[in-house]
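Predicted model, so just to flag it, every value in this text is computed and none were measured. For ligands, and for the atoms within them, numbers begin at 1 and follow the listed sequence.
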Amino acid sequence: MNLIFLGPPGAGKGTQARLLQARRGIPQISTGDILREAIARGSELGRKAKEYVERGNLVPDEVMVEIIAERLAQPDAQEGFVLDGFPRTVAQARSLEELLARQGRRITAVIYFHLPEEKIVQRLSGRLICTRCGAIYHVDHHPPRQLGRCDICGGPLYQRDDDRPEVVRRRLQVYRQETEPLVEFYKERGLLFLVDASQGVEALHQTILRIAGASPEGQEGQAETREARADR
Ligand code: AP5
């Protein structure tokens, strides 16, 4: 199962990708996480990426394509993966297609998380992340049991720098300009599935399993969702 999670910032892509990894063992490949780790370590990649990420701009395509090529070559990504946050431009999508074709692989489905803008802002302004294990919380929708502490590892929680309102505005603008054209790109290839990202975390997880063919109703779910997308 080679999946892409596509959608605006804060739509719940990371939450769902982590859930698929935890429950189905499909590795989550989050380019945002890779960049934030590099920035925290102060590596060469981190130094290159810092300014782009802090301002809500995209890191240049050539840097991102190299990161993904390296990550997809690792042993755990050979049996399937969920790309969370990549591709984000048509150029990245074309490079990914070529890279996978050279390896005799292809994307099986692109899941597009649809969420109205007011909900995006609400989700990002309340998001908390664990500094240690990366678990994702929300002050209202998914609060930690103990204030400021991760339920899973006990690590301290923090708010992402790029979740400040002015950076969120920029990220949304960049999303519309650079990433939204991928909806057409993947629709033309018959790979796009639209999901209503405003439903609860568990309900959305079940929808994604049906689309990915990983639930008993797999094929049926695929047909239904394809129709839902085509009617949009
Ligand atoms: P990245 O980390 O990829 O950020 P993003 O795409 O903007 O997505 P987010 O992580 O903000 O949101 P999400 O959809 O994962 O939502 P989440 O599950 O956390 O990228 C960051 C930056 O890195 C970019 O701006 C760019 O600079 C750079 N970058 C990364 N990839 C790049 C690339 N390919 N090319 C160039 N540059 C790149 O959920 C959000 C909140 O909602 C949480 O609080 C969560 O608890 C809550 N929530 C989730 N689901 C639900 C639900 N169903 N109901 C209620 N609440 C929910």
Side-chain angles (χ1 to χ4, degrees), residues 4-21 28-40 45-46 48-69 71 82-93 95-96 111-116 118-130 134-144 150-151 157-164 166-180 182 195-208:
I4 291 176
F5 283 1
L6 178 66
K13 305 180 297 294
T15 300
Q16 293 298 328
R18 291 178 71 87
L19 210 51
L20 263 187
Q21 176 167 274
Q28 173 205 22
I29 301 182
S30 159
T31 41
D33 286 351
I34 293 171
L35 293 171
R36 280 185 289 280
E37 277 158 27
I39 292 170
L45 168 64
K48 265 191 222 166
K50 191 171 191 296
E51 201 175 317
Y52 295 101
V53 174
E54 281 177 355
R55 293 185 181 191
N57 291 322
L58 294 184
V59 174
D61 288 338
E62 59 276 16
V63 177
M64 298 313 301
V65 169
E66 201 182 316
I67 291 175
I68 280 295
R71 183 62 188 87
V82 182
L83 290 178
D84 164 17
F86 186 96
R88 254 178 158 93
T89 64
V90 172
Q92 290 182 13
S95 299
L96 176 67
I111 299 181
Y112 171 54
F113 288 60
H114 181 261
L115 191 69
E118 66 275 11
K119 292 216 172 161
I120 293 173
V121 173
Q122 188 200 37
R123 284 194 186 177
L124 291 179
S125 59
R127 172 165 59 185
L128 297 169
I129 311 264
C130 175
I136 305 168
Y137 297 88
H138 190 279
V139 286
D140 301 318
H141 306 141
H142 177 34
C150 178
D151 294 350
L157 304 183
Y158 79 108
Q159 195 159 24
R160 265 170 52 176
D161 268 356
D162 62 346
D163 281 349
R164 284 174 292 130
E166 65 277 19
V167 187
V168 168
R169 275 196 295 278
R170 176 65 190 150
R171 284 164 64 200
L172 282 170
Q173 192 184 23
V174 169
Y175 171 77
R176 278 185 227 107
Q177 280 169 0
E178 304 286 344
T179 309
E180 222 162 49
L182 290 178
V195 294
D196 171 10
S198 65
Q199 56 189 311
V201 171
E202 191 55 45
L204 189 50
H205 176 64
Q206 295 305 324
T207 304
I208 290 170

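- On a distance-only criterion, Asp33 and ligand 1 share no N/O pair closer than 3.5 Å.
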> Can you list the steps and then say if Arg171 with Asp163 is a salt bridge (charged side-chain N to carboxylate O under 4.0 Å, His left out)?
Replying inline: CA-CA 9 Å; Arg171 284 164 64 200; Asp163 281 349; 2.9 Å; yes
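- Taking all heavy atoms of Glu54, Glu178, Arg36 into account, the minimum distance to atom 2 (O) of ligand 1 is reached by Arg36.
- Polar contact with ligand 1: absent for Leu35 (N/O pair, distance under 3.5 Å).
- Side chain of Lys13 to backbone of Phe113: no donor-acceptor contact under 3.5 angstrom is found.
- When the heavy-atom distances from atom 43 (C) of ligand 1 to Ile136, Thr89, Ile67, Ile120 are ranked, the shortest goes to Ile136.
- For ligand 1, one of its N or O atoms has an N or O atom of Thr31 under 3.5 Å away.
- When the heavy-atom distances from atom 36 (C) of ligand 1 to Val59, Val201, Leu172, Ile68 are ranked, the shortest goes to Val59.
- At least one N or O atom of Thr15, backbone or side chain, sits closer than 3.5 Å to an N or O atom of ligand 1.
- Every N/O-N/O distance between Gly126 and ligand 1 stays at or above 3.5 Å.
- At under 3.5 Å, not a single nitrogen or oxygen of Leu124, backbone or side chain, sits near a nitrogen or oxygen of ligand 1.
- Side-chain contact of Glu118 with Gln122: a donor-acceptor pair under 3.5 Å is absent, judged by distance alone.
- The distance criterion of under 3.5 Å between nitrogen or oxygen atoms is met by Tyr137 with respect to ligand 1.
- Considering backbone and side-chain atoms together, Asp84 places no N or O closer than 3.5 Å to any N or O of ligand 1.
- Between the Arg123 side chain and the Ala11 main chain, a donor and an acceptor come within less than 3.5 Å of each other.
- The closest approach between Asn57 and ligand 1 falls below 4.0 Å for a heavy atom of the residue.
- Taking each of Arg171, Arg88, Lys50 in turn, the one with a heavy atom nearest to atom 6 (O) of ligand 1 proves to be Arg88.
- Under the rule for a side chain to side chain contact (heavy atoms under 4.5 Å, CB included), the partners of Ala91 that lie at least two apart in sequence or sit in another chain are Asp61, Thr89.
- Taking distance alone, with nitrogen or oxygen atoms compared against 3.5 Å, Gly14 approaches ligand 1 more closely than that limit.
- Ligand 1 has no nitrogen or oxygen under 3.5 angstrom from a nitrogen or oxygen of Met64.
- Ranked by closest heavy atom to atom 21 (C) of ligand 1, the top entry among Arg18, Arg55, Arg160 is Arg160.
- At a heavy-atom cutoff of 4.0 Å, ligand 1 is contacted by the side chain of His141 but not by its backbone.
- With a 4.0 Å cut-off on non-hydrogen atoms, Gln199 touches ligand 1 through its backbone and not its side chain.
- When Gly12, Ser30, Gly7, Ala135 are ranked by how near their heavy atoms come to atom 16 (O) of ligand 1, first place goes to Gly12.
- Between the side chain of Gln16 and the backbone N or O of Val201 there is at least one donor-acceptor pair closer than 3.5 Å.
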